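Scroll down for the structure; my scribbles are underneath it.
Naming: A, B, ... by sequence-line order, numbering from 1 per chain. Because the structure is a prediction, the values reported are computed rather than measured.
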Protein chains: 2
Amino acid sequence: MSAPQASPAPARSLHQRIRDDIEGRIHSGQWPPGHRIPSEHALMAQYGCARMTVSKVLSLLADAGMIERRRRAGSFVARPHPHIEQVALDIPDIPFEVAARGHRYQFELLARQLRKPRRGDAREAELAGQARVLALQCLHLADERPLALEDRLINPAAAPQAVDVDFSQTAPGSWLLQHVSWTRAEHRISAIGVDAARARLLQVPTGTACLVIERRTWRGEQPVTCVTQVFLGDSYDLVARFSPGGR
Amino acid sequence: MSAPQASPAPARSLHQRIRDDIEGRIHSGQWPPGHRIPSEHALMAQYGCARMTVSKVLSLLADAGMIERRRRAGSFVARPHPHIEQVALDIPDIPFEVAARGHRYQFELLARQLRKPRRGDAREAELAGQARVLALQCLHLADERPLALEDRLINPAAAPQAVDVDFSQTAPGSWLLQHVSWTRAEHRISAIGVDAARARLLQVPTGTACLVIERRTWRGEQPVTCVTQVFLGDSYDLVARFSPGGR
DNA sequence: CAGTGGTCTAGACCACTAT
DNA sequence: TAGTGGTCTAGACCACTGC
C-alpha cells in the first residue's frame, strides 16, 4: 500500500535512470534499430517498479523519436529516418545578438507603408485576402555598419496595434516577438548575391554573398507576418545545436 | 477502487483535452505570460480527475517550454524568451533531396586521403588528438550540374569501417547517417562568395553566392565527423517548420 | 483472442521553498 | 511550516492488432 522509494534519494530519479539505461543500450548499439524492446511488463519486472514508471519512460522516448510503439506488437528502436534529420536552430533577435557580440546596435526605418497587398507578389500571396498590409523596410546596423536589410509585411488583422507603433524607434521583429503570439512558422534559408538596390543600402558591392532568412508566421490560419532578412554573409552565422531525440 | 473513464471513449483522451484547454487559454491571451496557473490540486478538482492526470499535462507543457514550474511557488505561463527562438530545421540528405525534387542525382569523389590531422586548421582542431583522419572531398550533382561541394573529415576511431568503404559509389553523408550514430551535433550556416578553386569545381564564376553548412557531430565526447557543404545558393533552400512548444 | 500499449485512479512519500 | 511540484505504486479498464 505504501509507496517507498527504492532508495531514499537516488539523486537521479528512477525513471531517469531507467531512461538512461535504455538510451545507453540503444546508443551503444546493443539494441540496434528495429530491435524489439522488452514489453512494459517485462521491464516492470526487470526494474522492480510499477508499470506506470516504465510506461512513462517509454512514452518519453517515443515522444523524442528514439523508439516506436505499436499496440500488440511492442516497442522497437526507431530506425533513424535516413533522409531527414532535424536540428534545433536558434533564430536570434538581431538587436540582442548584436549587443551580445559586443557591438553597438542601431536601427533605421527606411520605409513604411499601409497599403493594399500586391497581386502577383509571391511574398504577399498569403496576405492577398487582407484589406491592407503594413509594409516596412528597415536596416540593422552594428557599430554604424549595415548588417542586415529587412523587408517585412505585417497583417493588421492579426496585429492591430502594430499600425500605431512608431517603428522608427523599435525594431518590428522585437516588437512582434513581444506583443503578438503565433502558432506556426516557416523559415527558408538561402544565399544570394545582392542586387544593386540592396547592395547600395548595405554599402557593399553588387553581388556580395548574403544569407537570406525568410520567415512567415501564422496564428491559427491567419497569417501574422512575413519577413525577408538579408544578412551580410561573412558577418553573420546561424548556429544550431542538437542532440538526437530532442532532449 | 475501480477506475472508470469519465466517458467511454472520449475520442481525445482526457489529458489531451485538458492540455488543449490550457493551451487555448494561453494562446488566446486569457492566461498571459507570467500568469499563475491553478495548482495541480485545483486543476484536479476543476477537471474532476486524479492528480497524476493534470500532473502529466503540466509536465508535458513544461517540457514543451510553454509553462515554467517552481516548487512551492506554482506553475506559470512562460514568458517567451524574447531574444531567441528555436525552430526545427530539416538537414536533408542531399541524394534524397535531389531525387525528391525530380532531378537525377550524381556523385563524384574528388579526393580521398587518410592522413594525419593538420595543425593550425580550425576545422581539424577537434580531431587533433587523433592519429589519422579520413579526408574526403566530393561533388554532388543534380541533372549533371554541380549542386554542392563537400569537404568532410571522418574520425576513423569513431567509424572504423569508414576506412574500407568505397566512397566513389556511396555519398559519405548518407553512409554515415546509416552506419554511425551520434549523440551531439553542431551546425553553422552562413553565406560566402566562392573562392576561385571552389568556383571552378562548381562551374560558376568566382564570388558566386553560396550557402555554407558546417556540421560537426560527436558520439559522446568523441568527434565523429566534420563537414563543410557549399551549396549553390540559388538552387538550394533549407526549410524549417515550427510550432511553438515543440509539438 | 491474448498480449500489448494507452490511459486513468486514488492514494503515498519526498524535496524543496516561499512565507 | 504549509503548500507546491516530483515521483512512484498497485492496481484498473480499454482499444487495438497481430498471431
Just how far, in rounded Å, is [atom2] of [N] from [atom1] of [X]?
X: A/L14; N: C/dC14; atom1: CG; atom2: C1'; result: 14 Å
X: B/F76; N: C/dT17; atom1: CZ; atom2: P; result: 14 Å
X: B/H15; N: C/dT7; atom1: NE2; atom2: C1'; result: 8 Å
X: B/L58; N: D/dT4; atom1: CG; atom2: C1'; result: 12 Å
X: A/L60; N: C/dT7; atom1: CG; atom2: C1'; result: 15 Å
X: B/I18; N: C/dT7; atom1: CD1; atom2: P; result: 12 Å
X: A/R70; N: D/dC19; atom1: CZ; atom2: C1'; result: 14 Å
X: B/R17; N: C/dT7; atom1: CZ; atom2: C1'; result: 12 Å

Could you pick out which residue, A/R72 or A/R69, lies toward the 5' side of DNA chain C when each is mapped onto its nearest nucleotide?
A/R72

Using side-chain hydrogen bond (donor to acceptor under 3.5 Å, both in side chains) as the criterion, point out the one residue from B/E214, B/R215, B/R216 that pairs with B/H187.
B/R215

Residues which pass side chain to side chain contact (heavy atoms under 4.5 Å, CB included) with B/A73, listed by chain and number, not counting sequence neighbours
B/R70, B/F76

Show me the donor-acceptor pairs within less than 3.5 Å that the side chains of residues 48-57 of chain B make with the rest of the protein, sequence neighbours left out.
{"from": "B/R51", "atom 1": "NE", "to": "B/E40", "atom 2": "OE1", "distance (Å)": "2.6"}
{"from": "B/R51", "atom 1": "NH2", "to": "B/E40", "atom 2": "OE1", "distance (Å)": "3.1"}
{"from": "B/S55", "atom 1": "OG", "to": "B/E40", "atom 2": "OE2", "distance (Å)": "3.4"}

Start with the C-alpha distance between B/N155 and B/V133, add both sets of side-chain angles, then the distance that settles side-chain contact (heavy atoms from CB on, under 4.5 Å), and finish with yes or no.
CA-CA 5 Å; B/N155 177 8; B/V133 296; 5.8 Å; no

Residues within residues 42-56 of chain B bordering DNA chain D, heavy-atom distance below 4.0 Å:
B/R51, B/M52, B/S55

Is any side-chain nitrogen or oxygen of B/H41 closer than 4.0 Å to OP1 or OP2 of D/dG3?
no

Using side-chain hydrogen bond (donor to acceptor under 3.5 Å, both in side chains), reason through B/R152 and B/T225 one step at a time and then give a plain yes or no.
CA-CA 7 Å; B/R152 183 182 289 270; B/T225 188; 3.2 Å; yes

A/W175 and A/F167 aromatic ring geometry - parallel, tilted or perpendicular at 30°/60° bounds
perpendicular

Taking the side chain of B/S13 as its heavy atoms from C-beta onward, which of C/dT7, C/dC16, D/dC8 lies nearest to it?
C/dT7

Ion pair A/D21/A/R25, N-O distance below 4.0 Å:
yes

